Structure formats: structure tokens, C-alpha cells
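Report on the structure given below.
No experiment lies behind these values; they were computed from the predicted model shown.
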Amino acid sequence: MPRSVNHVASKARRKKILKLTRGYFGARKNVWTVAKNTWEKGLTYAFRDRKNKKRNFRALWIQRINAAARLEGMSDSKLMGALHKAGIEINRKVLADLAMNHPEAFKAIVAKAKAA
């Protein structure tokens with residue numbers, strides 16, 4: 001008896017991956033084995049970089065807060081300690097946004113933290 005192969009399903013599976021690798025360079029877009037490996041590697045990069053994105057943004061916020069706090073005569077760590085002591089619950093993302101876009105509001109927060 002001849003071997004039965006489901007070409008419809010296997011071709012659809014390959015087509016799905018090749019569609020996802022459109023736009024890649026050279027053989028990475030149209031050679032099945034290369035495209036599959038590239039796509040799988042891309043998934044691992046995506047997973048890793050979703051974590052790294054959070055790390056990078058936190059570092060950026062700290063740099064912005066530190067730069068603004070130094071204009072007020074404090075460092076970032078001293079400011080965060082003073083905010084905690086004053087009972088001001090504000091996260092770094094919002095604080096960095098205030099430092100960048102609303103410096104007068106940031107100055108008011110620093111003044112409150114210094115007073116406590």
C-alpha cells in the first residue's frame with residue numbers, strides 16, 4: 001500500500017511560518033529551514049526583550065529623576081528616601097514625567113519631601 005501524506009496540512013504549516021518571515025533578508029524569508037530557525041530565534045528575542053524593555057525604561061526614569069533632583073540640590077536616592085519618609089506614594093514613571101514636562105510640580109514635590 002502506498003504511503004499517505006497529508007500535503008495540504010504540511011504545506012499550510014510551512015506557508016504560515018513563511019508568511020511570518022516576510023521582509024527578512026535573503027534566504028531567511030523563503031528557504032523553509034532557515035526561515036523556521038530565524039522565526040524561532042525571533043520568538044526568543046521577543047521574550048527576552050519584553051523583560052529588558054521594563055529594565056531600560058526604569059533606568060531612563062531614574063536618570064531623568066536624578067537630573068531634575070540635582071537641580072534642586074538632591075540626588076535620586078536621597079529624594080526617593082525623603083518621599084518615602086514623607087509618605088508620598090508616587091512611582092518613578094510618574095515622577096520622571098513630572099520632571100520632564102511639569103518642572104514646577106516636580107519642584108513642589110521635592111519641597112514637600114525636603115520638609116518632611
Side-chain angles (χ1 to χ4, degrees):
M1 187 167 192
R3 182 166 155 246
S4 175
V5 186
N6 189 355
H7 281 298
V8 176
S10 56
K11 184 173 184 194
R13 196 167 44 245
R14 290 191 193 103
K15 225 171 113 176
K16 183 173 70 176
I17 303 283
L18 288 172
K19 187 180 176 193
L20 292 170
T21 59
R22 256 191 333 202
Y24 287 9
F25 184 82
R28 291 167 162 244
K29 71 174 160 277
N30 55 10
V31 177
W32 162 245
T33 51
V34 180
K36 186 169 77 77
N37 292 338
T38 304
W39 172 74
E40 285 174 349
K41 187 74 167 179
L43 290 179
T44 64
Y45 286 144
F47 179 81
R48 179 197 68 189
D49 291 336
R50 279 195 300 275
K51 312 294 173 210
N52 287 356
K53 184 179 179 183
K54 295 165 183 61
R55 183 189 310 167
N56 292 337
F57 268 105
R58 185 181 168 91
L60 176 67
W61 297 332
I62 289 170
Q63 288 168 12
R64 287 178 174 175
I65 293 166
N66 196 27
R70 287 193 185 273
L71 294 174
E72 304 300 314
M74 292 181 98
S75 69
D76 168 62
S77 60
K78 299 258 195 247
L79 175 63
M80 294 311 286
L83 287 173
H84 182 72
K85 197 176 282 185
I88 299 171
E89 293 290 320
I90 187 166
N91 64 21
R92 285 176 175 83
K93 180 180 179 179
V94 173
L95 204 56
D97 183 58
L98 287 175
M100 286 283 294
N101 301 320
H102 307 284
E104 61 286 334
F106 184 79
K107 284 180 185 174
I109 290 171
V110 171
K112 268 216 187 302
K114 277 183 179 175

Identify, with sequence neighbours excluded, every residue that meets side-chain contact (heavy atoms from CB on, under 4.5 Å) alongside [X].
X: Arg22; answer: Lys19
X: Ser4; answer: none
X: Glu89; answer: none
X: Arg14; answer: Ser10, Trp32

Keeping to residues at least two apart or across chains, list the side chain to side chain donor-acceptor pair (under 3.5 Å) pairs with something in [range].
range: residues 35-46; result: none
range: residues 62-72; result: Asn66-Arg70
range: residues 99-116; result: Asp97-Asn101

How does the hydrophobic cluster around [X] look, that is, which other residues are in it when side-chain heavy atoms under 4.5 Å mark a link?
X: Val5; result: none
X: Leu60; result: Phe57, Trp61
X: Ile65; result: Met74, Leu79, Met80, Leu83, Ile88, Ile90, Val94, Leu95, Leu98, Phe106, Ile109, Val110
X: Val8; result: none

Is there a side-chain contact between Thr21 and Arg28 in this structure, where contact means two heavy atoms from C-beta onward sitting under 4.5 Å apart?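 Side-chain contact under 4.5 Å: no.
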Under the 3.5 angstrom rule, does the side chain of Lys54 hit a backbone N or O of Arg50 as a donor-acceptor pair?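 Such a contact is found between Lys54 side chain and Arg50 backbone.
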